[in-house]
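Order of the sequence lines sets the chain letters (A, B, ...), proteins ahead of strands, with each chain counted from 1.
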There are 2 protein chains.
Amino acid sequence: MKWTELDENWCPVARTLTLVGDRWTLLILRDCFLGRSKFEEFAETTGATRHILSSRLKRLVTAGVLERRPYQDRPKRHEYVLTEKGREFGPALIAFRDWGKKHMPVRRTATATKE
Amino acid sequence: MKWTELDENWCPVARTLTLVGDRWTLLILRDCFLGRSKFEEFAETTGATRHILSSRLKRLVTAGVLERRPYQDRPKRHEYVLTEKGREFGPALIAFRDWGKKHMPVRRTATATKE
DNA sequence: ATTTGTTCGTTCCATTTTGGAACTTTAGCA
DNA sequence: TGCTAAAGTTCCAAAATGGAACGAACAAAT
């Protein structure tokens with residue numbers, strides 16, 4: 001089954017997933033809620049390739065979850081900010097955060113271990 | 001960046017995504033909350049291929065979100081049921097559902113339109 | 001005894017999507 | 001002029017996916 005077919009699904013969860021049902025998209029939204037808004041910031045903090053970042057941001061803007069707006073002229077630069085629709089997605093991320101805090105402890109690696 | 005690297009991420013959202021950050025996994029969990037528990041049920045209602053279903057269920061069981069347990073002998077059959085850890089993921093799905101109900105209206109297609 | 005049906009997968013392969021890095025454009029600054 | 005920064009785009013090899021067939025293990029029907 002293709003993902004585009006899901007947007008006519010009877011289930012609201014399924015329809016939601018057509019838009020935000022992938023890792024990078026959710027990480028981008030997390031960033032937005034943390035106040036980040038620039039392409040380069042997303043690239044650094046999410047670890048997504050610029051390629052994927054570009055396509056995901058486009059999708060979110062098209063869907064009306066983010067708004068792409070200029071924050072300076074010459075050189076023209078844009079930033080991505082949450083719309084009302086996007087802000088209302090907050091509770092979902094809170095739920096993910098809380099569940100992660102409780103059930104997904106940080107796995108330390110050799111390099112991450114200090115002390 | 002590889003996904004496996006995210007599980008040592010400082011962010012609990014990111015760590016959560018290493019486990020449930022894909023569409024099929026979340027649809028499977030939705031099914032579980034709706035009371036479904038069998039492989040064939042998941043296959044039909046999520047639309048995921050048996051291949052993907054198999055790998056996702058394994059991951060969820062390994063992570064302790066689902067428990068694979070026999071519900072009959074001869075022919076041996078198993079079902080997948082939410083553990084306490086899995087049940088605590090409910091609020092996240094509720095948030096997805098609510099957001100979807102409000103912001104992702106069903107897109108009707110020609111065949112779906114009747115009357 | 002052979003065929004059919006059910007459940008739960010595994011295997012195979014062509015198509016998509018990713019990851020990773022380089023390249024482009026526009027413009028300020030030294 | 002050369003260097004840096006932001007925001008993408010392009011390219012290609014590697015990984016994930018979809019689609020459908022195949023397999024095992026047993027029950028029920030013919």
*Asks:* Tell me: CG of B/Asp22 to P of D/dA15, nearest whole Å?
*Replies:*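 Atom-to-atom, B/Asp22 to D/dA15, this comes out as 18 Å.
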
*Asks:* From the options D/dA7, C/dT7, D/dT17, select the nucleotide whose nearest atom is closest to the side chain of B/Tyr71.
*Replies:*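 Nucleotide nearest to B/Tyr71's side chain: C/dT7.
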
*Asks:* With a 4.0 Å cutoff (strictly under), does any side-chain N or O of A/Arg56 reach OP1 or OP2 of C/dT18?
*Replies:*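 For A/Arg56, the contact criterion (side-chain N or O under 4.0 Å from OP1 or OP2 of C/dT18) is met.
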
*Asks:* So, B/Glu40 side chain and B/Ala43 main chain: donor-acceptor pair closer than 3.5 Å or not?
*Replies:*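 Not at all, since once roles are kept as given, no pair shorter than 3.5 Å links the two residues.
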
*Asks:* C/dT24 C1' sits how many Å from A/Phe39 CZ, rounded?
*Replies:*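 These atoms are roughly 13 Å apart.
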
*Asks:* Would you tell me if any nitrogen or oxygen in the side chain of B/Arg23 comes within less than 4.0 Å of OP1 or OP2 on D/dA16?
*Replies:*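 It does not, given that no N or O in the side chain of B/Arg23 lies less than 4.0 Å from OP1 or OP2 of D/dA16.
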
*Asks:* Measure NZ/A/Lys58 against P/D/dA7 and give the value in whole Å, please.
*Replies:*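 It is 14 Å, rounded to the nearest whole Å.
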
*Asks:* From D/dG8, C/dG9, D/dG19, pick the nucleotide closest to the side chain of B/Tyr80?
*Replies:* C/dG9

*Asks:* Base, sugar-phosphate, or nothing: which does B/Lys76 touch, judged by heavy atoms less than 4.0 Å apart?
*Replies:* nothing

*Asks:* Starting at CD of A/Gln72 and ending at P of C/dG28, how long is that distance when rounded to a whole Å?
*Replies:*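 These atoms are roughly 9 Å apart.
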
*Asks:* Expressed in angstrom and rounded to an integer, what is the separation of A/Ile28 atom CD1 from D/dG8 atom P?
*Replies:*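 Computing the A/Ile28:CD1 to D/dG8:P distance gives 12 Å.
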
*Asks:* What's the closest nucleotide to the side chain of B/Trp24 if the choices are C/dC8, D/dG18, D/dA7?
*Replies:* D/dG18

*Asks:* So what does B/His78 hit on the nucleic acid, given a heavy-atom distance under 4.0 Å: a base, only sugar-phosphate, or nothing?
*Replies:*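 B/His78: backbone/sugar contact only, no base atoms under 4.0 Å.
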
*Asks:* Does the plane of the ring in A/Tyr80 sit parallel, tilted or perpendicular to the ring in A/Phe42? Use 30° and 60° as the thresholds.
*Replies:* tilted

*Asks:* Hey, mind stepping through A/Phe89 and A/Phe33 against ring-ring contact (aromatic ring centres under 6.0 Å, His included) and telling me if it holds?
*Replies:* CA-CA 10 Å; A/Phe89 191 70; A/Phe33 277 97; 7.5 Å; no

*Asks:* Nearest of C/dG19, D/dT17, C/dC8 to any side-chain atom of A/Ile52?
*Replies:*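 Comparing C/dG19, D/dT17, C/dC8 against the side chain of A/Ile52, the answer is C/dG19.
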
*Asks:* Going by side-chain hydrogen bond (donor to acceptor under 3.5 Å, both in side chains), A/Ser37 matches just one of A/Glu67, A/His78, A/Arg69, A/Glu79. Which one?
*Replies:*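 Answer to the side-chain hydrogen bond (donor to acceptor under 3.5 Å, both in side chains) test with A/Ser37 among A/Glu67, A/His78, A/Arg69, A/Glu79: A/Glu79.
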
*Asks:* Please state how far atom CZ in B/Arg50 lies from atom P in C/dT6, giving the value in whole angstrom units.
*Replies:* 13 Å

*Asks:* Taking only the side-chain heavy atoms of A/Ser54 (C-beta and beyond), determine which of D/dA7, D/dT9, C/dG9 contains the nearest atom.
*Replies:* D/dT9

*Asks:* Quick one: B/Glu40 CD to C/dT10 P, roughly how many Å, whole number?
*Replies:* 13 Å

*Asks:* Report the residue (A/Ala48 or A/Arg77) whose heavy-atom-nearest nucleotide on DNA chain C is the more 5′ of the two.
*Replies:* A/Ala48

*Asks:* Drop me the distance from B/Glu44's CD to B/Leu53's CG, to the nearest 0.5 angstrom.
*Replies:* 11.0 Å

*Asks:* Quickly work out the B/Leu53 CG to C/dC8 C1' distance and round it to whole Å.
*Replies:* 10 Å

*Asks:* Considering only side-chain heavy atoms of A/His51, which listed nucleotide, D/dG18, D/dA21, C/dT18, is closest?
*Replies:*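 It is C/dT18.
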
